[in-house]
Amino acid sequence: MAKSNHSKKRLIDPLVLGDRSLSIEDLVSVARGFRPVTLGAEAKARVELSRAVVEEILIHDAKVYGITTGFASLRDQRIDASDAGQLSTNLIKSHATGVGAPFDEDVVRGAMLVRAQTLARGCSGVRVDLIQVLLDMLNAHVYPFVPQQGSVGSSGDLAPLSHLFLVAIGEPDAMVYHRESNTDEDSYVTSSRETDFIELSELGDKTLPFSPITLQAKEGLGSNNGAVFSAVVTALAAFDSENLLAVEELVSALSFEALQAVPDCLQPTLAQTRPHPGHLESAKNIRSALTDSQLVPGDKPASLNMAHYNCAMMKLHRLGKDIPQLTDLHKQMESAQPGISASHSDTESCETLLQPIVENWRTALGWSEQSNCAQSLPVATIEALAQIYSQHIRAILRPLGDPDLQDNYSFRATPTVLGSARQALEHTLETITTEINSVTDNPIILLDTILESYHADTKDGSYHESPTLGNFKKWLSDNWQVAIAQVKSAANFHGEPIGIAADYLAIAMAEAGNISERRLAVLLDSDHSKGLPSYLIWQAGLNSGLMLTQYTAASIVTENKTLATPASVDSIPTGESCEDHNSMSTLASRKLAQIVKNVKTIVALEALAAYQAVQFRKPMTLGDSTGKLESLVAGKIHDTMLKQSEFADVKAMREFLIGIGLAKSTAESIQPCLVRDISMRPLLRDFLKLIDSKEIITLANANKNTPLKNI
């Protein structure tokens, strides 16, 4: 379990609320990067003005929802103005009814930021003190216990926000994460359990790093009305999705090389015939990653297939260790291999080099009129030799007049499917950016409308400036009815925009995982993988290789299909049926977050298969970005691969590969890879970490601005 950093050495410019709108990146910098937050002077002034309106309501004991009335079905139950503060406190205590595992620290930190941003808009009528206590908690790295279950997304995330504010008001039963005093890791807490938290009453001699607040009128609703947790979970999942889609595009490019896929679907001229923006972007990114690739060159598929060559070498070696005729075939192929590899782009030259090899195979099989060689070989050997010839030798080079025309949908439709996910992501990012900068509680004080009346009455001419608090209060005492008329009840807290956006992105990301699993399956299937061996292992049969990676991916894809069922189409009435349509946005966002995590695992499994597969096509070289990806993978998994096997280093692994029949020049170009079955869990763990690493995310996102070549 990760721990957050308490270091005071952070030199990060603080985020100032009120200076500008929040971006998703701002949210992430605070939620995950512990960026400090302050309240701007202009925002503070607006908050004080809106608070003056609430105080005027109390002076005149006007009937305003949630200030001098009860809540939900109790909306017509009058509350004495003197009890307004108690009403707010009662609301937080009674609504803290969440259950289940706690939200991760980044979600809770993000919720504190977004709630503070909402209140800083100056339309909620709370005091500056309420915003400040949230910022104090954020800056002191206080992590309140907030259960994930219990919200229906209207009136926002009532239960989660109430748990958050239990800590802000210093409720003894409220819980915060029990920090270890010696922790200095630069990461937020994930996968915490309820037992990791401690009640405020149990802190003993320890003092809270902030001053708890006593709620006053309207501050209960200001605290817990709004789909804040729904928005933050969706925002973080969308942020992760953006990076993940870029990574999947990079990994799919490596899979294109692993298959020697037909590149037509990536061509910009073809993509422009159906110019969906996401499709164009994904096709560009994948093609960019393949720049200068020998396996997917230019605008046509490669004709030379070194996987067939390498598999023929291994099978021939096993078949003919003690048979002079077959040993001679093996030596002839090995000596010709460097020339064939060097002539990879010249089909006629490759054909010239391969023709003597093909003729010698035909002679060995007795298919040549001048040969009686086959008469000296056992029948079983002849049959095995014929199988190698038909499966591999004849397929090493495709004639110019017989090119590959198209691949399975899982490759051909990759830019279409990932492009569709990109467009769903774009919609979600736009929706969530609007949401985290909106006023989302109830009732709402239309401060700008009130200020228009103020400026019109006072004729001070400063329409673009906030009045002084003193002047505004004087005007308000005489015009309180005008001001109170602009305190409106609506449903800005309703999570429907978030729920629908989260469901949309969840479906799109589930599909991104689905097609990733299909590409993985193709690479493992010797009937479809263009010369790659079954399950991508050098001695299949004795070893199962990557067989079970597809099983794991398939199980996760099925889980995602269930999770992708929309939550926002459901509604259960609450509050004695006066709240008779609820958004279920919190569930939608939680399901999205889980799908994104699951897709990371699927893409990690595809990356493992693609990395393994391209080793069979050596010494052909990879593209600019895919080559960097291969090197990055090799550096990260080197120890995992070698420590679990009998190989002390890469040299020993390559000597083994030469020993099972590979040509020396091929073996020396192969990166650390799976040559025999090992315990898979550490390898899968390493690949999952790799997919989520800054190095790969940076490499993947670099393709966005890379000019296309070889098109």
Side-chain angles (χ1 to χ4, degrees), residues 20-29 31 110 114 227 230-253 265-266 268 271-289 413-438 495-516 560 563-564 566-568 583 585 588-600 603 697-698 700-706 708:
R20 56 177 171 80
S21 295
L22 287 180
S23 66
I24 301 295
E25 290 72 20
D26 289 330
L27 190 154
V28 173
S29 72
V114 172
S230 302
V232 170
V233 173
T234 302
L236 294 173
F239 179 84
D240 291 339
S241 295
E242 188 167 27
N243 286 326
L244 181 55
L245 286 174
V247 170
E248 183 171 348
E249 287 165 347
L250 176 61
V251 170
S252 70
C265 64
L266 304 177
Q272 283 289 352
T273 65
R274 193 190 189 192
H276 293 293
H279 183 181
L280 296 174
E281 176 69 14
S282 285
K284 172 188 175 296
N285 291 343
I286 297 168
R287 192 70 194 98
S288 175
T414 286
T416 305
V417 173
L418 297 187
S420 299
R422 280 195 171 278
Q423 288 186 229
L425 172 63
E426 194 66 28
H427 170 75
T428 302
L429 289 171
E430 181 181 343
T431 299
I432 295 304
T433 300
T434 298
E435 182 69 19
I436 64 176
N437 289 288
S438 296
E496 195 78 359
I498 307 166
I500 290 177
D503 282 335
Y504 181 21
L505 184 56
I507 291 169
M509 292 305 295
E511 278 294 276
N514 197 334
I515 201 167
S516 174
N560 281 352
L563 290 171
S568 57
S583 71
S585 58
S589 66
R590 289 171 52 220
K591 294 196 297 99
L592 166 62
Q594 186 59 53
I595 286 172
V596 174
K597 290 179 182 178
N598 288 348
V599 174
K600 283 182 184 178
V603 173
I697 290 172
T698 300
N701 281 310
N703 287 319
K704 293 180 181 179
N705 301 314
T706 301
L708 296 182

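The chain is numbered in sequence order, starting from 1.
- Taking the side chain as every heavy atom from C-beta outward, Q423 and P277 approach each other to under 4.5 Å.
- Residues L266 and P415 have side chains in contact (heavy-atom distance under 4.5 Å, counting atoms from C-beta outward).
- One finds the CE atom of M509 at 13.5 Å from the NZ atom of K597 (value rounded to the nearest 0.5 Å).
- Residues L418 and L245 approach most closely at CD2-CD2, 4.3 Å, considering heavy atoms.
- For CD of E426, the number of neighbouring non-hydrogen atoms (other residues, nucleotides, ligands) closer than 6.0 Å is 12 at most.
- N598 places a side-chain heavy atom less than 4.5 Å from the side chain of L563.
- Here the CD1 atom belonging to I498 is positioned 5.0 Å from the CD1 atom belonging to I432, to the nearest 0.5 angstrom.
- By the 4.5 Å heavy-atom criterion applied to side chains, D503 and K591 are counted as neighbours.
- In this structure, A424 and L505 approach most closely via the heavy-atom pair C-CD1, 4.2 Å.
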Q: Please lay out, stage by stage, how I507 and I595 fare under the test side chain to side chain contact (heavy atoms under 4.5 Å, CB included).
A: CA-CA 9 Å; I507 291 169; I595 286 172; over 6 Å; no
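- A donor-acceptor contact shorter than 3.5 Å links the side chain of T428 to the backbone of A501.
- In terms of heavy-atom proximity, L425 sits nearest to S241 at CD1-CB, 4.2 Å.
- Atom CZ of R274 and atom CG of L280 lie 11.0 Å apart (nearest 0.5 Å).
- Taking the side chain as every heavy atom from C-beta outward, V233 and L592 never approach each other to under 4.5 Å.
- Tested against I697, the residues V247, L250, L244 include a single side chain to side chain contact (heavy atoms under 4.5 Å, CB included) partner, V247.
- For the residue pair S23/D26, the side-chain donor-acceptor check at 3.5 Å is satisfied.
- E511 places none of its side-chain heavy atoms less than 4.5 Å from the side chain of S420.
- At a threshold of 4.5 Å between non-hydrogen side-chain atoms, the residues E25 and V28 do not count as touching.
- A heavy-atom distance below 4.5 Å is found between the side chains of V599 and N560.
- Closest approach of A246 and N701 over heavy atoms only: CB-OD1, 3.4 Å.
- Using a distance-only test at 3.5 Å, with no hydrogens or angles considered, a donor-acceptor pair links the side chain of S252 to the main chain of E248.
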